[in-house]
Amino acid sequence: MSKTKVLLVGAAGETGGSIANGLLENPIFELYALVRPRSVQKPAIVSLQDRGMQIRRCDLKGPEESLTEALEGIDVVISCVGPAEQQDQIPLAKAAKRAGVKRFVPCGFITVAPPGGIMWLRDEKETVYNHVKQLRLPYTIIDVGWWYQLSYPRLESGRADYAMTSANNEIVGDGNTPMGLTDLRDIGRYVARIIDDERTLNKMVYAYNTVKTQNEIYDLLEEISEEKIQRNHVSRLDAVAHRDIC
């Protein structure tokens with residue numbers, strides 16, 4: 001049985017790295033990374049090559065013909081580009097269509113929000129989603145919950161600092177709103193299952209581990225650590241004002 005050839009864009013990032021790990025764990029996939037020529041020797045890329053990932057050199061801002069050539073023979077393209085590079089996916093999608101890619105996974109991987117003035121990054125992604133659909137390019141859009149690594153507060157002792165990405169100990173509103181949570185390390189495992197399932201073709205999929213409120217997270221960490229955690233409450237109005245500034 002032939003393997004599914006998957007090409008990953010943004011393999012050196014946090015989400016891209018998780019996805020690379022999840023796909024490399026699964027023997028049904030043959031993994032490639034689209035890498036700018038000047039980035040081939042990055043330690044993260046070299047490490048993934050040592051584990052079996054193959055490299056195709058190409059710049060997203062290069063000629064569409066070069067992109068099309070880089071995607072030849074690929075079954076699935078998964079994009080994990082940065083916030084400022086969302087529109088670079090439009091020529092990538094065009095090239096995927098020309099190359100006969102069977103499934104295109106644009107860079108979603110954010111918390112669920114409707115388009116239209118709620119979240120700037122979500123609106124940037126929506127432009128790409130619409131273009132992919134207009135191309136009639138088979139797609140799957142994957143969103144995830146708020147990362148575990150961003151969701152819990154900092155302990156005064158610093159004992160949990162090694163496992164967290166950032167923390168400001170802020171609680172929005174009363175802290176009792178349920179939210180979906182996803183461990184960054186699990187995103188790749190979810191993606192591997194999703195792209196291997198024909199039912200997810202031309203669908204939006206939400207992948208998360210659990211649902212908790214901010215108060216539940218703080219309470220649990222206080223219980224486990226036996227430390228009292230400072231809680232900085234932010235009103236909903238202040239949160240909305242900050243959103244508008246961003």
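Quick note: numbers below take in every heavy atom, side chains included, and nothing from hydrogens, waters or symmetry partners. One-based numbering along the sequence shown.
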* Asked: How long is the span from the OH atom in Tyr152 to the NZ atom in Lys212, to the nearest 0.5 Å?
  -> 15.0 Å
* To do: Assess whether side-chain contact (heavy atoms from CB on, under 4.5 Å) is satisfied between Leu8 and Leu34, documenting all intermediate values.
  => CA-CA 6 Å; Leu8 181 59; Leu34 189 71; over 6 Å; no
* Structure fact -> Between the CG atom in Leu184 and the OG atom in Ser18, the distance rounded to the nearest 0.5 Å is 5.0 Å
* To do: Verify the neighbour count for atom CZ of Arg57: are there more than 12 heavy atoms of other residues, nucleotides or ligands below 6.0 Å?
  => no
* To do: State, to 0.1 Å, how close Leu137 and Ala96 come at their nearest heavy-atom pair, and which atoms those are.
  => CD2-CB, 4.1 Å
* **Side-chain donor-acceptor contact under 3.5 Å, Asn209 with Asp183** => no
* So if you build clusters from Ile, Leu, Val, Met, Phe, Trp, Tyr with side-chain heavy-atom gaps below 4.5 Å, do Val105 and Leu24 land together? -> yes
* To do: Verify whether one side chain among Glu216 and Tyr218 offers a donor that lies under 3.5 Å from an acceptor in the other.
  => no
* To do: Run the numbers on Gln230 and Asn232 for side chain to side chain donor-acceptor pair (under 3.5 Å), then give the verdict.
  => CA-CA 7 Å; Gln230 180 181 348; Asn232 304 321; 2.8 Å; yes
* Are side-chain heavy atoms of Val6 and Tyr32 found at a separation under 4.5 Å? -> no
* Which heavy-atom pair separates Ile217 from Ser151 by the least distance, and what is that distance? -> CG2-O, 3.9 Å
* **Distance (rounded to the nearest 0.5 Å) between Thr200 OG1 and Ile195 CD1** => 8.5 Å
* To do: Decide yes or no for Gln54 and Leu31: does some side-chain heavy atom of the first lie under 4.5 Å from some side-chain heavy atom of the second?
  => no
* Asked: Closest approach of Glu64 and Pro91, non-hydrogen atoms and distance?
  -> CG-O, 4.3 Å
* Going hydrophobic residue to hydrophobic residue with side-chain gaps under 4.5 angstrom, can you get from Trp146 over to Tyr208? -> no
* **Cys107 side chain near Lys125 side chain, heavy-atom distance below 4.5 Å** => yes
* Structure fact -> Of Lys102, Lys3, Arg103, the one forming a side chain to side chain donor-acceptor pair (under 3.5 Å) with Asp75 is Lys102
* To do: Grab the two heavy atoms, one from Leu221 and one from Ser225, that are nearest each other, plus how far apart they are.
  => O-OG, 2.7 Å
* **Spacing of Glu156 atom CD and Asn169 atom CG [to the nearest 0.5 Å]** => 9.0 Å
* Least distance between heavy atoms, Leu71 atom then Arg56 atom -> C-NH1, 3.9 Å
* Structure fact -> Only residue of Tyr190, Tyr206, Tyr148 satisfying side chain to side chain contact (heavy atoms under 4.5 Å, CB included) with Thr182 is Tyr190
* **Passing option when Cys80 is tested against Ile19, Val9, Ile187 for side chain to side chain contact (heavy atoms under 4.5 Å, CB included)** => Ile19
* **Any Leu92 side-chain heavy atom under 4.5 Å of Asp88 side chain** => no
* Asked: Below 4.5 Å, heavy atoms only, C-beta onward: do Ile28 and Asp196 meet side chain to side chain?
  -> yes
* To do: Decide whether Glu227 and Ser157 meet the rule of one side-chain donor and one side-chain acceptor closer than 3.5 Å.
  => yes
* Asked: With a 4.5 Å limit on heavy-atom distance, are the side chains of Ile194 and Thr140 in contact?
  -> yes
* Distance (rounded to the nearest 0.5 Å) between Gln87 CD and His131 NE2 -> 10.0 Å
* Nearest 0.5 Å please: distance from the NZ atom of Lys42 over to the OG atom of Ser47. => 14.0 Å
* Return yes if a side-chain donor-acceptor contact under 3.5 Å exists between Arg51 and Asn21, otherwise no. => yes
* Asked: Do you know the tightest heavy-atom contact between Gly175 and Thr213?
  -> O-CB, 3.3 Å
* Taking the side chain as every heavy atom from C-beta outward, state whether Gln86 and Leu121 have any pair of such atoms under 4.5 Å apart. => yes
* To do: Check whether more than 12 heavy atoms from other residues, nucleotides or ligands sit under 6.0 Å from atom CD of Glu25, and answer yes or no.
  => yes
* Asked: Just wondering, do Phe104 and Leu135 contact through their side chains at under 4.5 Å, heavy atoms?
  -> no
